[in-house]
*Asks:* 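Sending over a structure as structure tokens; questions will come in a sec.
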Amino acid sequence: MVASVLEMRHFLRMSTEVPGQAQLKQQLNALRSKLIVLHKALIDSERVEYEKSFGPLETPQQFLKVLINDPWFAWLQPFSRMVVTIDEMLESEEPIPADEVKGLIGRARTLLEVREETDDSRRSYFEALQREPDVILAHAEVMKVVNA
């Protein structure tokens with residue numbers, strides 16, 4: 001009974017969905033999943049560098065506190081915000097405007113530009129790409145979605 005109610009809700013949602021929404025949601029889900037992998041690789045890479053400079057972080061709670069509060073990790077915040085933005089778009093009851101998805105993909109492309117600059121966040125991203133193969137691979141996967 002519960003399964004049939006859920007199936008009916010899914011059917012009604014799909015039948016009343018604005019044309020093109022499934023494709024936009026698929027695109028957002030693909031971008032989200034690849035960004036999460038990149039974000040984790042960046043966090044892991046930065047943790048290693050942080051611990052080289054300041055010593056080991058003994059507990060997950062200690063690391064989380066540093067991750068949230070220490071300026072060392074601040075350059076990762078745009079990646080976090082982008083994932084949150086995608087989550088909000090996917091969870092919204094309103095149709096997702098195609099131009100918002102296009103704008104988000106453009107911001108992702110800008111965020112992922114690889115340039116050695118004086119800007120601290122650009123330099124940090126560039127350095128992570130130089131030292132960590134997992135970051136390079138995750139970057140390439142996100143770029144496939146962004147450039148599709």
Side-chain angles (χ1 to χ4, degrees), residues 6 9-10 12-148:
L6 292 175
R9 283 184 184 165
H10 177 71
L12 289 173
R13 191 169 51 242
M14 295 302 286
S15 65
T16 60
E17 202 168 78
V18 176
Q21 286 296 292
Q23 182 180 5
L24 291 173
K25 287 180 180 181
Q26 181 180 7
Q27 196 173 14
L28 285 174
N29 276 314
L31 178 58
R32 180 188 184 281
S33 68
K34 301 301 182 184
L35 272 174
I36 286 174
V37 172
L38 174 60
H39 190 249
K40 175 152 180 15
L42 290 168
I43 290 171
D44 292 345
S45 177
E46 281 304 298
R47 181 178 183 163
V48 169
E49 295 303 307
Y50 182 90
E51 288 179 335
K52 284 180 188 175
S53 296
F54 301 105
L57 298 166
E58 301 297 331
T59 67
Q61 294 81 5
Q62 186 182 14
F63 174 62
L64 183 59
K65 184 177 179 182
V66 169
L67 179 64
I68 292 169
N69 297 314
D70 196 297
W72 182 284
F73 295 94
W75 70 273
L76 295 169
Q77 291 176 359
F79 293 91
S80 304
R81 281 193 300 272
M82 184 160 289
V83 172
V84 169
T85 299
I86 293 169
D87 286 344
E88 289 172 348
M89 291 173 82
L90 289 169
E91 291 174 4
S92 175
E93 296 292 323
E94 299 297 317
I96 300 170
D99 60 331
E100 283 188 30
V101 174
K102 185 177 180 181
L104 182 74
I105 290 171
R107 289 192 308 274
R109 188 176 292 114
T110 300
L111 181 64
L112 299 171
E113 284 179 351
V114 180
R115 291 184 284 159
E116 187 176 15
E117 295 182 346
T118 57
D119 176 310
D120 285 342
S121 64
R122 288 263 183 235
R123 187 176 331 108
S124 295
Y125 189 58
F126 178 82
E127 289 171 359
L129 283 163
Q130 297 303 307
R131 73 174 172 259
E132 184 59 51
D134 288 345
V135 172
I136 295 168
L137 295 172
H139 170 86
E141 289 299 312
V142 176
M143 291 308 293
K144 287 179 188 176
V145 173
V146 167
N147 291 327

*Asks:* Roughly how far apart are Glu91 CD and Ile86 CD1, rounded to 0.5 Å?
*Replies:* 12.0 Å

*Asks:* Test: ring pair (Phe, Tyr, Trp, His ring centres under 6.0 Å). Region: residues 86-112. Which pairs qualify, not counting sequence neighbours?
*Replies:* none

*Asks:* Would a distance-only check, ignoring hydrogens and angles, find a side-chain to backbone donor-acceptor pair under 3.5 Å from Ser92 to Met89?
*Replies:* no

*Asks:* Donor-acceptor pair, distance only, cut-off 3.5 Å: does the side chain of Glu51 make one with the backbone of Leu57?
*Replies:* yes

*Asks:* What residues, two or more places apart in sequence or in another chain, satisfy side-chain hydrogen bond (donor to acceptor under 3.5 Å, both in side chains) together with Glu127?
*Replies:* none

*Asks:* Listed by chain and number, what are the side-chain hydrogen bond (donor to acceptor under 3.5 Å, both in side chains) partners of Arg131, not counting sequence neighbours?
*Replies:* Ser45, Glu46

*Asks:* OG1/Thr59 to NZ/Lys65 distance, rounded to the nearest 0.5 angstrom?
*Replies:* 10.0 Å

*Asks:* Please find the pair of heavy atoms, one from Val101 and one from Ile96, that lie closest to each other, and give the distance.
*Replies:* CG2-CG2, 3.4 Å

*Asks:* Could you report the tightest heavy-atom contact between Ala138 and Leu38, atom names first, then the distance?
*Replies:* CB-CA, 3.5 Å

*Asks:* Give, for atom CG of Leu76 and atom CZ of Arg81, the distance between the pair rounded to the nearest 0.5 Å.
*Replies:* 10.5 Å

*Asks:* Walk me through whether Val142 and Phe79 qualify under side chain to side chain contact (heavy atoms under 4.5 Å, CB included).
*Replies:* CA-CA 12 Å; Val142 176; Phe79 293 91; over 6 Å; no

*Asks:* Are Ile68 and Phe63 close enough that some pair of their side-chain heavy atoms sits under 4.5 Å apart?
*Replies:* no

*Asks:* Lys144: which residues meet the salt bridge (charged side-chain N to carboxylate O under 4.0 Å, His left out) condition with it, sequence neighbours left out?
*Replies:* Glu141

*Asks:* Under the ring-ring contact (aromatic ring centres under 6.0 Å, His included) test, which residues partner His139, sequence neighbours left out?
*Replies:* Tyr125

*Asks:* How many angstroms lie between atom CD1 of Ile36 and atom OG of Ser80, to the nearest 0.5 angstrom?
*Replies:* 10.0 Å

*Asks:* Below 3.5 Å, can you tabulate the donor-acceptor pairs from side chains in residues 104-112 to any protein atom, sequence neighbours excluded?
*Replies:*
unit_1 : atom_1 : unit_2 : atom_2 : d
Arg109 : NE     : Asn147 : OD1    : 3.3
Arg109 : NH2    : Val146 : O      : 2.7
Thr110 : OG1    : Gly106 : O      : 3.1

*Asks:* Using the test salt bridge (charged side-chain N to carboxylate O under 4.0 Å, His left out), find all partners of Lys40 that sit at least two apart in sequence or belong to another chain.
*Replies:* Asp44

*Asks:* At their closest point, which heavy atom of Leu42 faces which heavy atom of Ala128, and how far apart are they?
*Replies:* CD2-CB, 3.7 Å

*Asks:* Who passes salt bridge (charged side-chain N to carboxylate O under 4.0 Å, His left out) against Asp87, sequence neighbours left out?
*Replies:* Arg32

*Asks:* Holding to side-chain hydrogen bond (donor to acceptor under 3.5 Å, both in side chains), I want the full list of residues that pass it with Thr85, two or more places apart in sequence or in another chain.
*Replies:* none

*Asks:* When rounded to the nearest 0.5 angstrom, what is the spacing between CD in Glu113 and CE in Met143?
*Replies:* 8.0 Å

*Asks:* In chain order, what residues pass the side-chain contact (heavy atoms from CB on, under 4.5 Å) check against Asp99, with sequence neighbours excluded?
*Replies:* Pro97

*Asks:* Would you list the pairs meeting ring pair (Phe, Tyr, Trp, His ring centres under 6.0 Å) in which at least one residue belongs to residues 23-53, sequence neighbours left out?
*Replies:* Tyr50-Phe54, Tyr50-Trp72, Tyr50-Phe73

*Asks:* Who passes side-chain hydrogen bond (donor to acceptor under 3.5 Å, both in side chains) against Asn69, sequence neighbours left out?
*Replies:* none

*Asks:* I'd like to know if the side chain of Glu132 and the backbone of Ala41 have a donor-acceptor N/O pair within less than 3.5 Å.
*Replies:* no

